[in-house]
Amino acid sequence: MTHFADRLGSAIVGKRTPVLVGLDPRAKSLPAGLLAAEDANNPVAVANAYRTFCRGVIDAVAPLAAVVKPQAAFFEELGPAGMAALADVIVDAREQGLLVILDGKRNDIGSTAEAYASAYLGRDSAWGADALTVSPYLGDDSLAPFIERCRTHDAGIFVLVKTSNPGGGTFQDRAIDGRPLYEHVAELVEQQAAATSAECGYGAVGAVVGATYPEQLTSLRMQMPHAWLLVPGYGAQGAGARDVAGAFDDSGLGAIVNSSRGIIFAHARAPYSESYGAARWQDAVAAAARDMIEQLKSETPAGRLFP
């Protein structure tokens with residue numbers, strides 16, 4: 001395998017976009033016909049619907065985007081049936097040539113962190129993910145097993161630095177030694193990103209930085225020049241293309257921008273609901289993805305990659 005950072009960069013250039021499609025299935029938002037009303041409380045039936053839906057999303061976006069991000073929580077709440085569906089979705093995405101970032105926000109200490117790393121990271125792992133989101137708040141020693149696994153299995157991690165939710169500042173913005181806590185986390189991420197850097201100049205250790213805080217996003221791009229940024233908050237959470245412009249380096253690389261609900265449930269919102277509706281929900285998914293691609297191309301440095 002090739003270093004994760006190089007694979008991510010090549011995939012973005014190959015598909016001509018930094019769009020990351022989040023796979024966040026929700027029973028109440030599924031297109032009509034995928035889940036019968038009487039099955040809404042049946043975990044097995046819901047898991048089967050999630051499997052079908054996510055595979056349909058993957059079919060729609062595989063020609064357009066390079067990376068998908070399954071959200072583990074929506075599968076986990078269904079128990080074993082949901083976890084089996086998640087495994088199938090990861091396999092399907094990989095078979096269609098997509099990189100898979102599993103959004104699990106895992107971490108612990110010692111052997112437990114080693115087990116998480118072994119379970120999720122690398123295409124030869126039990127879950128087969130290319131990358132995993134990780135919490136840093138148990139300290140640098142808790143990240144070490146994940147980083148080592150990235151080194152040996154050509155995988156990546158994205159460490160929570162500045163999250164997109166309104167309450168993220170409760171702790172992340174707390175001042176420590178004259179700086180907000182998230183800057184201290186970013187400093188550690190940059191050290192580890194530089195230590196694991198690949199030919200593209202970026203490392204196996206990246207950062208999650210929300211689009212809902214554009215000024216901090218721009219500042220953190222400068223503070224972490226060797227770290228890929230995974231940028232949530234686009235679309236349904238309110239951020240637009242101009243808000244994420246600061247995530248990219250001068251050449252247009254360095255970031256992947258996530259949209260989940262805005263793409264996968266496009267059939268239920270204007271203008272896609274009028275043009276496609278539930279019957280053509282996959283066409284709505286593809287149309288929403290294309291629109292996001294064009295917005296990022298025209299309003300961010302990512303457009304410099306694709307004349």
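Keep in mind that what you see is a predicted model, and the values were worked out from it rather than measured.
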Sorted by first residue and then second, give each ring pair (Phe, Tyr, Trp, His ring centres under 6.0 Å) pair with at least one member in residues 242-262; sequence neighbours left out. none
Test side-chain contact (heavy atoms from CB on, under 4.5 Å) applied to Val159 and Leu188, Val185, Leu230, Ile147, the passing residue: Val185
Can you list the steps and then say if Ile256 with Val231 is a side chain to side chain contact (heavy atoms under 4.5 Å, CB included)? CA-CA 6 Å; Ile256 43 177; Val231 185; over 6 Å; no
Inspect the surroundings of CZ in Arg174 and state if more than 12 heavy atoms from other residues, nucleotides or ligands are less than 6.0 Å away. no
Could you name each residue pair satisfying salt bridge (charged side-chain N to carboxylate O under 4.0 Å, His left out) that touches residues 222-243, not counting sequence neighbours? Arg242-Glu299
Specify the closest pair of heavy atoms between Val19 and Ala65, including all atoms of both residues, with the distance to one decimal. O-CB, 3.8 Å
Would you give the length of the straight line joining atom CD of Gln237 to atom OG of Ser260, rounded to the nearest 0.5 angstrom? 8.0 Å
Between Gln223 and Tyr182, do the side chains contain a donor N or O and an acceptor N or O under 3.5 Å apart? no
Tell me whether Gln96 contacts the main-chain N or O of Leu98 through its side chain, where contact means a donor paired with an acceptor under 3.5 Å. no
Assess whether atom CD of Glu274 is packed by more than 12 heavy atoms of other residues, nucleotides or ligands within 6.0 Å. yes
If you count heavy atoms of other groups shown closer than 6.0 angstrom to OH of Tyr137, is the number above 12? yes
Take Asp59 and Gln282 through the test side chain to side chain contact (heavy atoms under 4.5 Å, CB included) and record every step on the way to the result. CA-CA 8 Å; Asp59 287 343; Gln282 285 179 282; 3.9 Å; yes
Enumerate the side chain to side chain donor-acceptor pair (under 3.5 Å) contacts for residues 142-160, please, sequence neighbours excluded, ordered by first and then second residue. Asn107-Ser142, Arg149-His153
Using 30° and 60° as the class boundaries, would you call the ring planes of Phe146 and Tyr116 parallel, tilted or perpendicular? parallel
Besides Met222, the hydrophobic cluster formed by Ile, Leu, Val, Met, Phe, Trp and Tyr side chains linked at under 4.5 Å, directly or via other members, contains none
Ignoring hydrogens, what is the shortest heavy-atom contact between Val161 and Gln172? Give both atom names and the distance. O-OE1, 3.8 Å
Pairwise side-chain contact, Leu34 with Tyr50, heavy-atom cut-off 4.5 Å (strictly under): no
Parallel, tilted or perpendicular for Phe265 and His267, by the 30°/60° rule? perpendicular
List the steps and the verdict of side chain to side chain contact (heavy atoms under 4.5 Å, CB included) for Leu217 and Lys162. CA-CA 8 Å; Leu217 177 59; Lys162 178 63 176 167; over 6 Å; no
Determine whether a donor-acceptor pair (N or O, by modelled atom type, separation under 3.5 Å) exists between the side chain of Ser118 and the backbone of Glu114. no
Short side-chain donor-acceptor distance under 3.5 Å, Glu190 and His226: yes
Beyond-backbone contact of Arg261 with Arg26, side-chain heavy atoms, under 4.5 angstrom: yes
More than 12 heavy atoms of other residues, nucleotides or ligands under 6.0 Å from CG of Asp124: yes or no? yes
Do any N or O atoms from the side chain of Asn258 and from the backbone of Gly22 form a donor-acceptor pair under 3.5 angstrom? yes
Which pair of heavy atoms, one from Pro301 and one from Asp249, lies closest together, and at what distance? CB-O, 3.8 Å
More than 12 heavy atoms from other groups under 6.0 Å of CD on Glu215: no
Please indicate whether Asp250 has more than 12 foreign heavy atoms, meaning atoms of other residues, nucleotides or ligands, lying under 6.0 Å from its CG. no
Minimal heavy-atom distance between Val89 and Arg51, with the atoms involved, is CG2-CA, 4.3 Å
Could you go step by step and tell me if Lys69 and Leu102 meet the side chain to side chain contact (heavy atoms under 4.5 Å, CB included) rule? CA-CA 6 Å; Lys69 182 174 68 64; Leu102 184 61; over 6 Å; no
Donor-acceptor contact present, side-chain Thr133 to main-chain Lys105, <3.5 Å: yes
Would you give the length of the straight line joining atom OG of Ser251 to atom CG of Leu305, rounded to the nearest 0.5 angstrom? 6.0 Å
Which ring pair (Phe, Tyr, Trp, His ring centres under 6.0 Å) pairs, counting each pair once, include a residue from residues 184-225, with sequence neighbours left out? Tyr202-Trp228
Test salt bridge (charged side-chain N to carboxylate O under 4.0 Å, His left out) applied to Asp108 - qualifying residues, sequence neighbours left out: none
Arg290 side chain to Ala288 backbone, donor-acceptor under 3.5 Å: no
